[in-house]
Amino acid sequence: MKVPVKVDGRELTLSNLDKVLYPEEGFAKAEVIDYYSRVAPVLLPHLAGRPLTVKRYPNGVEGASFFEKNAPDHTPGWVRRVRLPVPGSTKDRESIDFAVVDDLPTLVYYANLAALELHVPQWRVSDDGEALPPDTLVFDLDPGPPATIVECCRVALMLREVLAADGLTARPKTSGSKGMQLYAAWDGREEPSAYAKRLAQALAKEHPGEVVSVMARKLRPGKVFIDWSQNNPAKTTVAPYSLRARARPTVSTPLLWKEVETCEHADDLVFTTADVLARVEKHGDLFDAA
């Protein structure tokens with residue numbers, strides 16, 4: 001069944017609203033669209049101006065999925081698009097027409113495509129569609145089993161201290177999966193990947209039993225890998241408030257530092273859509289850098 005709707009003056013046609021995308025919870029596409037619509041006031045500022053990469057699950061989280069960077073020809077004309085060069089593209093394309101989610105109709109459009117996961121880079125584009133310098137620094141903390149997000153929290157506290165010494169204020173969020181990320185506003189003092197790599201290597205040297213700064217899996221059991229390479233301009237990170245394609249509709253959730261400091265069990269920092277909407281109502285946007 002197709003349902004015509006008007007969102008902020010834009011006409012959209014929603015389809016298959018009763019299709020279950022998270023079978024374990026019976027969470028349907030209508031609920032995905034509802035979540036993204038309700039969380040939009042805090043989500044949109046973190047998507048605005050950033051070229052979008054989505055991970056789509058047309059048959060739900062247990063079905064096949066695919067990443068989509070290029071906004072296809074049938075994308076509505078009112079969706080903002082920017083053409084950007086993509087050197088080294090796996091599909092041998094010199095440029096890609098990326099969508100930019102600046103408003104609620106575009107967000108609802110992608111939710112209707114079962115674009116469960118929203119990924120963006122650490123830089124924005126100008127009004128003219130030109131790539132701007134990175135404005136955000138990110139550290140992706142990935143636990144090597146049996147380590148969990150509990151160990152990630154300990155490493156996050158180490159990173160917070162090091163960043164603070166350099167005059168940078170860190171903001172924590174869960175990945176919505178196994179790990180977490182730390183963000184900081186970036187002032188362009190140097191190339192962000194080089195800076196992040198240096199910090200990761202220093203912490204790995206100082207805490208060799210807890211931290212690793214290289215990707216080799218054989219080195220990672222029981223430790224936290226600080227992935228500094230997410231600062232490469234060609235890479236994206238899951239956006240704050242984005243759903244994740246796990247068994248349950250978990251969300252990449254901004255955290256209070258108190259929650260990081262007191263985390264004792266991995267389940268302490270697992271948040272679903274309902275949890276996140278309640279948190280936003282209570283705290284507003286914990287990821288607001290202002």
Side-chain angles (χ1 to χ4, degrees), residues 2-17 21 28-58 67-84 95-132 134-136 171 173 176 183 185 236-244 249 251-254 273 276-277 279-281 283-290:
K2 295 188 175 182
V3 181
V5 296
K6 189 171 275 194
V7 180
D8 286 357
R10 302 292 189 188
E11 293 182 356
L12 290 87
T13 301
L14 306 181
S15 60
N16 301 320
L17 291 175
L21 299 181
K29 192 204 279 191
E31 292 165 287
V32 169
I33 295 171
D34 178 67
Y35 166 71
Y36 274 131
S37 298
R38 293 169 65 189
V39 85
V42 292
L43 167 60
L44 286 172
H46 303 295
L47 300 178
R50 300 187 190 275
L52 179 71
T53 296
V54 294
K55 195 168 185 184
R56 291 175 55 185
Y57 290 81
F67 278 101
E68 187 172 82
K69 293 177 181 285
N70 199 57
D73 291 340
H74 56 73
T75 304
W78 45 261
V79 170
R80 184 184 178 196
R81 278 173 279 191
V82 292
R83 180 164 294 177
L84 296 165
S95 63
I96 285 180
D97 290 327
F98 288 90
V100 180
V101 182
D102 287 334
D103 55 32
L104 180 59
T106 305
L107 183 60
V108 171
Y109 171 77
Y110 274 100
N112 184 59
L113 293 180
L116 300 181
E117 296 192 1
L118 310 173
H119 298 250
V120 289
Q122 310 311 315
W123 47 273
R124 299 178 190 267
V125 292
S126 68
D127 291 344
D128 296 331
E130 297 292 322
L132 297 171
D135 61 357
T136 308
R171 290 167 284 144
K173 72 177 177 73
Y183 283 51
T236 60
T237 304
V238 68
Y241 305 106
S242 172
L243 278 161
R244 298 309 302 270
V251 172
S252 181
T253 307
T273 52
V276 169
L277 290 169
R279 289 169 66 86
V280 168
E281 190 170 335
H283 302 294
D285 181 11
L286 290 174
F287 231 56
D288 183 357

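Counting begins at 1 with the first residue of the sequence. Because the structure is a prediction, the values reported are computed rather than measured.
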* To do: Report the residues that fulfil side chain to side chain contact (heavy atoms under 4.5 Å, CB included) with A114, sequence neighbours left out, ordered by chain and then residue number.
  => L21

* Asked: Residues two or more places apart in sequence or in another chain: which of them pass salt bridge (Lys or Arg N to Asp or Glu O under 4.0 Å) with E117?
  -> R244

* Structure fact -> Hits for side chain to side chain contact (heavy atoms under 4.5 Å, CB included) against D127, two or more places apart or cross-chain, chain-then-number order -> none

* Quick one: list whatever passes side-chain hydrogen bond (donor to acceptor under 3.5 Å, both in side chains) with T253, sequence neighbours left out. => none

* Asked: What residue pairs, at least two apart or across chains, pass salt bridge (charged side-chain N to carboxylate O under 4.0 Å, His left out) with a residue in residues 97-109?
  -> R80-D102, R83-D97

* Asked: Can you list the residues that meet the side-chain hydrogen bond (donor to acceptor under 3.5 Å, both in side chains) rule with N16, with sequence neighbours excluded?
  -> none

* List in chain and number order the residues that pass side chain to side chain contact (heavy atoms under 4.5 Å, CB included) with L113, two or more places apart in sequence or in another chain; answer none if no residue qualifies. => R56, Y109, Y110

* Structure fact -> Sequence neighbours excluded, the answer for ring pair (Phe, Tyr, Trp, His ring centres under 6.0 Å) partners of Y35 is none

* Partner residues of R10 under the salt bridge (Lys or Arg N to Asp or Glu O under 4.0 Å) criterion, sequence neighbours left out -> none

* salt bridge (Lys or Arg N to Asp or Glu O under 4.0 Å) against D135, all qualifying residues, sequence neighbours excluded -> R50, R124

* Can you list the residues that meet the side chain to side chain contact (heavy atoms under 4.5 Å, CB included) rule with T13, with sequence neighbours excluded? -> K2

* Taking side-chain hydrogen bond (donor to acceptor under 3.5 Å, both in side chains) as the test, write out the residues that go with T273, two or more places apart. => none

